[in-house]
Each structure stands twice: as C-alpha cells, then as structure tokens.
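One structure below.
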There are 2 protein chains.
Amino acid sequence: MKYSRQRELIRQTVQQSEEHLTAEQVYERLKPENTTLSLGTVYRNLNLLAEQGSICRIPVPGGADRFDRNNDGHQHMICRCCGKVLDWRLPDMQELDRYLHQLTGFEVDRHDFFAWGTCKDCQTEI
Amino acid sequence: MKYSRQRELIRQTVQQSEEHLTAEQVYERLKPENTTLSLGTVYRNLNLLAEQGSICRIPVPGGADRFDRNNDGHQHMICRCCGKVLDWRLPDMQELDRYLHQLTGFEVDRHDFFAWGTCKDCQTEI
DNA sequence: TCCCAATCAGTAATAATTACTATTATGTTT
DNA sequence: AAACATAATAGTAATTATTACTGATTGGGA
C-alpha cells in the first residue's frame with residue numbers, strides 16, 4: 001500500500017478522537033484545512049484502514065457506520081434516544097467462539113454486539 | 001390498529017419463512033399474486049409489526065435489514081461468504097443487562113449480537 | 001348506510017455509500 | 001534528476017436501502 005497524505009490524516013483523526021466518528025464527521029473535521037479533500041476518499045480510506053486493522057468499524061444498525069481507534073474487541077451500547085455510543089467489554093469471547101464452532105462448524109472471526117437502550121442522561125430527561 | 005389484507009399477507013410471509021427475509025424479498029414473494037402491492041407498504045408494515053413485537057428485526061450491519069418470525073431474543077451468525085444467517089442462543093442476557101445497568105446506568109432493552117465468520121459449507125468450498 | 005381515520009399505491013425524496021473517470025502523487029528505475 | 005508505472009485522488013454520477021408525500025381506497029364503528 002502506497003503512502004498518502006489523505007490516508008494519514010484520516011487515520012490520525014479517528015485515532016485521536018475520543019468519540020466514534022462517522023465518515024461524514026471525519027470529512028467535516030478535515031475539510032476546512034484540506035479544501036480539496038473528497039468525501040469518497042474518506043470512505044475509501046476508512047474501509048482500507050478497517051480492513052487492515054488499524055481502526056475498527058462499528059456498523060451501527062439503522063445509521064451511518066462509525067469508526068473507532070480501538071480494535072481490541074470491545075462492544076458498544078447505543079442510546080435510542082440521543083444516538084450516543086458507549087464502550088464496554090464482554091469477557092470470554094474466545095470461549096464463545098469455541099462453543100459456536102463446536103455447535104455449528106462456523107468459524108467466527110469477529111463480533112458485533114450492540115446493546116440498545118436508553119442512556120442515563122436521556123432517562124432523566126423523560 | 002386497523003386490519004389490512006396487505007399487513008396480514010406480510011406477517012404470514014415472514015412467519016412462514018424458514019429464512020430471514022429482507023423487505024425486498026417479502027415484496028418479491030407477494031407481488032406476483034398481489035399486483036398492486038407497493039414496496040412502501042411492505043416497509044411500513046414490517047416496521048409496524050416489528051415495533052408491535054409480532055416479528056423481529058435483524059439489523060444486519062452493511063446490508064438490508066432482515067425480518068424473523070422469532071422474537072425470543074436469539075442471536076445471529078452471518079457468513080461473510082454466502083450471506084447466510086444462522087440462529088443461536090446466548091444464555092444469561094438478563095444478567096448481562098443488570099451488569100451493564102450497574103456499570104453505566106444504561107437501561108438496555110434489546111441486544112443485537114452478530115458473530116461474523118465463515119459457515120461450514122463455505123469453508124469446504126475454499 | 002354514512003362517515004372518518006387508517007391504510008394503500010405510486011412516486012419522489014433522502015441518506016449512506018460505492019463506482020467511475022480524468023488528473024495527480026508516490027516510489028522505483030534508469 | 002528525468003522518466004515511468006501505478007496507486008491514490010477529486011469530483012461527480014450512480015446505487016441501495018429506506019422514508020416521506022399525496023391523493024385514492026378501505027375497514028369498522030355510529
């Protein structure tokens with residue numbers, strides 16, 4: 001893979017962010033300083049980086065995919081009300097994989113675990 | 001909620017299918033016998049039925065949502081190769097909810113747990 | 001039977017993402 | 001350092017999944 005300034009900027013943006021950014025958000029953050037940057041370039045590079053493993057895709061059902069600097073198998077909790085995404089960790093995923101393999105012959109290579117609900121802030125608002 | 005012939009047909013189609021159908025697939029199955037049926041009607045009713053709990057939405061990351069007759073909190077395994085969706089069951093989800101609530105205050109009302117990988121059939125093909 | 005809101009069909013619009021194409025940048029070879 | 005091959009880009013068009021809109025139809029109670 002050939003170096004590109006754009007890809008480098010996109011990787012840094014995701015890796016330096018505390019939030020889980022969408023492609024659009026990455027674009028918006030970089031566009032002011034990089035006027036010729038194209039949204040297509042952001043999408044293409046986020047896909048490349050996710051495939052290659054340097055960032056992690058969070059394929060949020062019913063919304064735009066988000067990207068996360070961490071790629072260490074943590075899970076996500078999504079608030080139906082405000083769309084916030086929280087991280088948490090579910091232990092013993094490997095054991096689950098072994099169990100599933102025994103049961104079905106399925107070779108699992110990744111998990112997307114979403115817990116849907118209402119976050120603390122939104123509960124008090126209602 | 002008022003009765004409608006279209007909604008009834010859509011519910012039956014999902015509930016009688018062994019597979020996990022997309023809105024498009026439900027439409028394709030019903031269209032030949034119901035020439036005036038509209039795709040919008042299929043989407044609207046699938047949403048209604050899912051909200052009301054008589055069918056279950058499977059929001060597949062990176063693809064069209066699928067609908068399942070079962071609504072009993074089972075999980076799904078998706079084959080990257082052929083797109084097949086398998087069912088399985090993860091025990092003790094309630095305990096997990098309690099744990100998450102204690103940890104974050106998040107009120108969890110549903111889980112989407114996807115295990116991604118390669119199914120038995122596709123493994124032998126490669 | 002009359003009425004009204006729920007539902008429909010058909011179409012247009014939207015949102016997220018990918019595909020296409022001509023141009024530019026990168027790394028390598030002379 | 002100039003020339004080359006090709007990966008990557010910008011900008012735009014296209015695609016996919018889904019929702020919104022509108023005027024006609026239908027279900028079910030008064």
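A note on names: the letters A, B, ... follow the listed sequences, proteins ahead of strands, and every chain is numbered from 1.
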Interatomic distance, [X] [atom1] vs [N] [atom2] [rounded to whole Å]:
X: Asn34(B); N: dT7(C); atom1: CG; atom2: P; value: 18 Å
X: Tyr27(B); N: dA17(D); atom1: OH; atom2: P; value: 15 Å
X: Glu8(A); N: dT9(D); atom1: CD; atom2: P; value: 12 Å
X: Arg66(A); N: dA16(C); atom1: CZ; atom2: P; value: 10 Å
X: Tyr43(B); N: dT14(C); atom1: OH; atom2: C1'; value: 13 Å
X: Arg5(B); N: dG27(D); atom1: CZ; atom2: P; value: 9 Å
X: Glu51(A); N: dT18(C); atom1: CD; atom2: C1'; value: 14 Å
X: Asp65(B); N: dA16(C); atom1: CG; atom2: P; value: 14 Å

| note | By side-chain hydrogen bond (donor to acceptor under 3.5 Å, both in side chains), Glu19(A) pairs with (sequence neighbours left out) Arg29(A)
Check: [X] side chain, [Y] main-chain N or O, donor-acceptor pair, under 3.5 Å:
X: Lys31(B); Y: Leu37(B); result: yes
X: Gln15(B); Y: Ser54(B); result: yes
X: Gln25(A); Y: Thr22(A); result: yes
X: Thr13(B); Y: Leu9(B); result: yes
X: Arg66(B); Y: Leu21(B); result: no

| request: Quick one: which residue pairs count as a ring pair (Phe, Tyr, Trp, His ring centres under 6.0 Å) with a foot in residues 31-59 of chain B, not counting sequence neighbours? | output: none
Give each protein N/O atom lying under 3.5 Å from an N/O atom of nucleotides 22-24 of chain D, with the pair distance.
none

Write down the protein N/O and nucleotide N/O pairs, taken from nucleotides 11-15 of chain D, whose separation is under 3.5 Å; answer none if there are no such pairs.
residue, atom, partner, partner atom, Å
dG11(D), OP2, Thr36(A), O, 3.2
dG11(D), N7, Ser38(A), OG, 3.0

| said: Does either side chain, that of Asn45(B) or that of Arg11(B), offer a donor lying less than 3.5 Å from an acceptor on the other one? | reply: no
If you take all heavy atoms of [X] and [Y], which pair is closest and at what distance?
X: Phe106(B); Y: His101(B); value: O-ND1, 3.2 Å
X: Lys120(A); Y: Thr104(B); value: CD-O, 3.8 Å
X: Leu30(A); Y: Ile10(A); value: CD1-CG1, 3.8 Å

| message | Just to be sure I understand the geometry, which residues of residues 18-25 of chain A put a non-hydrogen atom under 4.0 Å away from DNA chain C? | response | none
| request: State whether the number of non-hydrogen atoms from other residues, nucleotides or ligands found under 6.0 Å of Gln52(B) atom CD is greater than 12. | output: yes
Between the protein and nucleotides 6-8 of chain D, list the N/O to N/O atom pairs that are separated by less than 3.5 angstrom.
residue, atom, partner, partner atom, Å
dT6(D), O2, Lys2(A), NZ, 2.9
dA7(D), O4', Lys2(A), NZ, 3.2
dA8(D), OP1, Lys2(A), N, 3.3
dA8(D), OP1, Arg7(A), NH2, 2.9
dA8(D), O3', Ser4(A), OG, 3.4

| task | Assess whether side-chain contact (heavy atoms from CB on, under 4.5 Å) is satisfied between Phe67(A) and Val14(A), documenting all intermediate values. | result | CA-CA 7 Å; Phe67(A) 295 86; Val14(A) 174; 4.2 Å; yes
